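Okay, structure first, notes after.
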There are 2 protein chains.
Amino acid sequence: MSSFLFDHQQLENSLRHAGLRPTRQRIELAELLFGDGKDRHLTAEQLYATARAAGKKISRATVYNALRDFAAKGLVHKILVDQDQVYFDTNVSEHQHLYIEDEHRLVDILLNNCSWQSEVELPEDMTLERVDVIFRLRRKA
Amino acid sequence: MSSFLFDHQQLENSLRHAGLRPTRQRIELAELLFGDGKDRHLTAEQLYATARAAGKKISRATVYNALRDFAAKGLVHKILVDQDQVYFDTNVSEHQHLYIEDEHRLVDILLNNCSWQSEVELPEDMTLERVDVIFRLRRKA
DNA sequence: CTCAATGCAAAGTATTTGCAACCGA
DNA sequence: TCGGTTGCAAATACTTTGCATTGAG
């Protein structure tokens, strides 16, 4: 039995369905990101390191390109919590985050009373792309 | 009459009260940031350009240092909405933001039904620093 | 006086880009 | 074949740092 919930074929279909040509590199990255169905928060550098450590032959620029394209197609979400690096979230369903600043660690949470969506009046010609909610935590002194 | 709500003396006191030595540069920056009492969202580079345009003699590094220190003391808030630059918000009371991505423009909003604060269970040894809420908007195609 | 703050340029670092080689359809 | 993708290194741009100088208390 495989440790993957999704196999190459399924990932390939996902990429194709998203309008992305399923190249070897994209499939391998998709496998690392989505293969086991678990939610991940990682940076481009982390994914690059992970891929290389797994023996994948891929360049840094391709990882950045792939993540940019994945995000543009909604396969992952960008999370801007840290001044120095962008995190990518493999969980694209609506949810919120805790961010432990000292540890640079993200935790998914799910709020129930999110009635504020309707409370905001948007300009006529604007679309609500997403609502980012981040609870910033610090270790007590 | 002056165009400033807060004069040098008051700004100097604010800095001192925050535990920051009121140097000429910090006072001048504070004046640009808080002088008229209006809410601002600006980047370090924007503040630097503004200061220089106003004839202030100050270096880029000092602007970055000052904003870092102001943020550490709670005089301004960092807003991470853009991958490329950090915005600083002179409004440090609790509120939320609209971000028009195409224009790199931030708008303050105020949500009323923010009961979700209590809904989140924090680890015992953690403190909630802040909750960042950003409504990301795009111009309709 | 003394130590914090400033200024300048250099360094640092995540990310993007230019362009030739490559490959999927 | 053809245009999208990759790879490498160089470029970019925001931010930080090293260190000598300055200035607030």
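Everything quoted here is computed from the prediction, not taken from an experiment. Convention: sequence-line order gives letters A, B, ...; per-chain numbering from 1.
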Distance in angstrom units between [X] [atom1] and [N] [atom2], rounded:
{"X": "A:I58", "N": "D:dC8", "atom1": "CD1", "atom2": "P", "value": "11 Å"}
{"X": "B:R68", "N": "D:dT17", "atom1": "CZ", "atom2": "P", "value": "8 Å"}
{"X": "A:Q46", "N": "C:dA14", "atom1": "CD", "atom2": "C1'", "value": "13 Å"}
{"X": "A:Q25", "N": "C:dA21", "atom1": "CD", "atom2": "P", "value": "18 Å"}
{"X": "A:E28", "N": "C:dC23", "atom1": "CD", "atom2": "P", "value": "13 Å"}
{"X": "A:N13", "N": "C:dG24", "atom1": "CG", "atom2": "P", "value": "16 Å"}
{"X": "A:Y48", "N": "D:dC8", "atom1": "OH", "atom2": "P", "value": "8 Å"}
{"X": "A:L29", "N": "D:dT5", "atom1": "CG", "atom2": "P", "value": "14 Å"}

Of all the choices, [options], which nucleotide is nearest to the side chain of [X] once you look at every atom?
{"X": "B:P22", "options": "D:dG7, D:dG25, C:dT15", "result": "D:dG25"}
{"X": "B:R26", "options": "C:dG7, D:dG7, C:dA5", "result": "C:dA5"}
{"X": "B:Q85", "options": "D:dT15, D:dG7, C:dT15", "result": "D:dT15"}
{"X": "B:Q83", "options": "C:dT6, C:dT16, D:dC8", "result": "C:dT16"}
{"X": "B:S59", "options": "C:dG7, C:dT15, D:dC8", "result": "C:dG7"}
{"X": "A:T23", "options": "D:dT5, C:dT6, D:dT15", "result": "D:dT5"}

Practice item. Could you say whether B:T62 or A:Y64 is positioned toward the 5' end of DNA chain C, judged by the nucleotide with the nearest heavy atom to each? Key: B:T62
Exercise for review: For B:R21 and for B:R52, locate the closest nucleotide of DNA chain C by heavy-atom distance; then report the residue assigned to the nucleotide nearer the 5' terminus.
Suggested key: B:R21
Practice item. Could you please spell out the steps behind the side chain to side chain contact (heavy atoms under 4.5 Å, CB included) verdict for A:Y99 and A:I79? Key: CA-CA 11 Å; A:Y99 183 59; A:I79 314 178; over 6 Å; no
Point to revise | Whichever of A:D84 and A:K57 has its nearest DNA chain D nucleotide further upstream toward 5' | key: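 Here A:K57 is the residue nearer the 5' end.
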Exercise for review: Would you mind telling me which residue lines up with the more 5' stretch of DNA chain D, A:L20 or B:R60, judged by nearest nucleotide?
Suggested key: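 Comparing both residues, the 5'-ward one is A:L20.
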Exercise for review: Determine the minimum heavy-atom distance between B:L67 and B:A44, stating which atoms define it.
Suggested key: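 So the minimum-distance heavy-atom pair works out to CD1-CA, 3.5 Å.
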Review point. Is it the case that more than 12 heavy atoms not belonging to B:H17 sit under 6.0 Å from its NE2 atom?
Key: no
Review point. What does B:E45 touch in the nucleic acid at a heavy-atom separation under 4.0 angstrom: a base, only the sugar-phosphate, or nothing?
Key: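 Counting heavy atoms under 4.0 Å across all strands, the contact made by B:E45 includes a base.
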Exercise for review: Determine yes or no for a side-chain-to-main-chain donor-acceptor pair under 3.5 angstrom, with B:R138 supplying the side chain and B:E101 the backbone.
Suggested key: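 Checking the backbone N and O of B:E101 against the side chain of B:R138, no donor-acceptor pair under 3.5 Å is found.
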Exercise for review: Using only side-chain N and O atoms of B:R16, determine if any of them is under 4.0 Å from OP1 or OP2 of D:dG25.
Suggested key: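 So the side chain of B:R16 is within the cut-off, an N or O lying under 4.0 Å from OP1 or OP2 of D:dG25.
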Point to revise | Single-linkage hydrophobic cluster, 4.5 Å side-chain cutoff, A:V76 and A:F6 together | key: yes
